[in-house]
Number of protein chains: 2
Amino acid sequence: MSIDRRSGCPINLSLEVFGDRWSLIILRDMIFGGRRHFRELLNGSLEGIASNILADRLKRLMELGLLTKADDPSHKQKAIYSLTEMAITLVPIMAQLGAWGRVWLPVTEELSIRAELLEKGGPPLWEQFMDELRHEHVGAPSKTPPGTPTVRQQLRAAYEEVVARKAEAPSV
Amino acid sequence: MSIDRRSGCPINLSLEVFGDRWSLIILRDMIFGGRRHFRELLNGSLEGIASNILADRLKRLMELGLLTKADDPSHKQKAIYSLTEMAITLVPIMAQLGAWGRVWLPVTEELSIRAELLEKGGPPLWEQFMDELRHEHVGAPSKTPPGTPTVRQQLRAAYEEVVARKAEAPSV
DNA sequence: GCAACTGATTGCAAAATGCAATCGGATTGG
DNA sequence: CCAATCCGATTGCATTTTGCAATCAGTTGC
């Protein structure tokens, strides 16, 4: 279940962590979609992960140190998953991955608007986003000045705007 | 063999391209190791890819537009694989992946020195490297001033330096 | 009480992977 | 000229991983 360690190359070791079809998808939904519960991840993702795979990956990501699990006080059965610093620092990789995919792959507009915003914002926006995630997941005090719109709000607004524009002027 | 298209999300589509254990390893060896032939990729990589998997992935990467294949004029049997622009623009992703792995995973010093150099050099160095790759693989004219040491030379020198230092002061 | 929901687990078929052996053609050394 | 070697794969087969549906036992809301 843990790591193979085929070689000590950083790229190889990174691939052994999330060189599969689901681990990064789960982290994407937690980072950008704000999902924290098993069912949210199960039903919320567009790609339709199976529950056994999800359970397996969550376990694996915890073992690798990317996630932690805690009891949700509001519900004795609910578990709440949190991103660790190790996972939060994946934001730049996610941003680059999104930027590359947007250029070379048949992405849909609604789904790529977030990647575009993240690309345009560059490293400063990534830092602000990572700061927010640390606040939400690790409980760290936020360094962004109060009143600043959160990155998640910006991402959401950009998405809504595209959806609204498409609804009023359907192209297909 | 081609793409699943589970969703139009850029991160998902990117994962469908190289969300497996070997595709990025092959591209890494071509980009950073300068390997162009089947046997070089087969025997040269530390991770020990099987020949059938290598053949499968080379075919797949060609179908996806990341590689092209041409006859080697010097040897009627040899094929030479080239990176396309699509593959060359993976350099920033590779750099970020290496940087992340260097922080969070048990990398070895010899193998992570290249990631370190690439991280320190930042986007300008990435651009220079991509320019070199375009020159080597696509035949584009190089924009870097003559006399400048190539990134590949710098990467090689940094690696040699670590190996030499380790040889004269063995820690284990 | 009971239906709906919680985070999972089980069983099973299908696909991917890892590994070793092998292929036919091309080249090289003597 | 001929054997050995090298070339990019291909084949067969056992093991592992994946995808999918059904199911589980405990919790909650009504």
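Protein chains get the first letters and strands the later ones, always in sequence-line order, with residue 1 at the start of each.
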B:Trp100-A:Ser14 side chain donor-acceptor pair, cut-off 3.5 Å: no
Geometric cation-pi criterion, B:Arg6 with A:Trp22: 6.0 Å, 45°: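 Pair B:Arg6/A:Trp22 counts as cation-pi.
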Partners passing side chain to side chain donor-acceptor pair (under 3.5 Å) against A:Asp29 (at least two apart in sequence or in another chain):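 Counting only residues at least two positions away or on another chain, A:Asp29 forms no side chain to side chain donor-acceptor pair (under 3.5 Å).
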Pairing residues for A:Arg5 by the salt bridge (charged side-chain N to carboxylate O under 4.0 Å, His left out) criterion, not counting sequence neighbours: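 None.
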Of A:Arg57 and B:Ala55, the one whose closest DNA chain D nucleotide lies more 5': B:Ala55
Pairs touching residues 33-46 of chain A that satisfy side-chain hydrogen bond (donor to acceptor under 3.5 Å, both in side chains), sequence neighbours left out: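 Sorted result for residues 33-46 of chain A: A:Arg36-A:Ser82.
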A:Glu116: partners by side-chain contact (heavy atoms from CB on, under 4.5 Å), with sequence neighbours left out: A:Arg102, A:Ile113, A:Lys120
Distance below 4.0 Å between A:Arg6 side-chain N/O and C:dT17 OP1 or OP2: no
Under-4.0 Å side-chain N/O to phosphate OP1/OP2 contact, B:Arg21 with C:dA16: no
Provide, to the nearest angstrom, the distance between the [atom1] atom belonging to [X] and the [atom2] atom belonging to [N].
| X | N | atom1 | atom2 | result |
| --- | --- | --- | --- | --- |
| A:Lys59 | C:dT9 | NZ | C1' | 11 Å |
| A:Phe18 | D:dT17 | CZ | C1' | 20 Å |
| B:Leu54 | C:dT17 | CG | C1' | 14 Å |

A:Glu109 bridged to A:Arg165 by N-O distance under 4.0 Å: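 A:Arg165 and A:Glu109: salt-bridged.
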Near-ring test A:Phe32/A:Tyr159, centroid separation under 6.0 angstrom: no
Residues from residues 22-53 of chain B lying under 4.0 Å of DNA chain C - heavy atoms: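 Within this stretch, B:Trp22, B:Ala50, B:Ser51, B:Asn52, B:Ile53 sit under 4.0 Å of the strand.
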Selection: residues 69-78 of chain A, any non-hydrogen atom under 4.0 Å of DNA chain C: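 Output list: A:Lys69, A:Gln77, A:Lys78.
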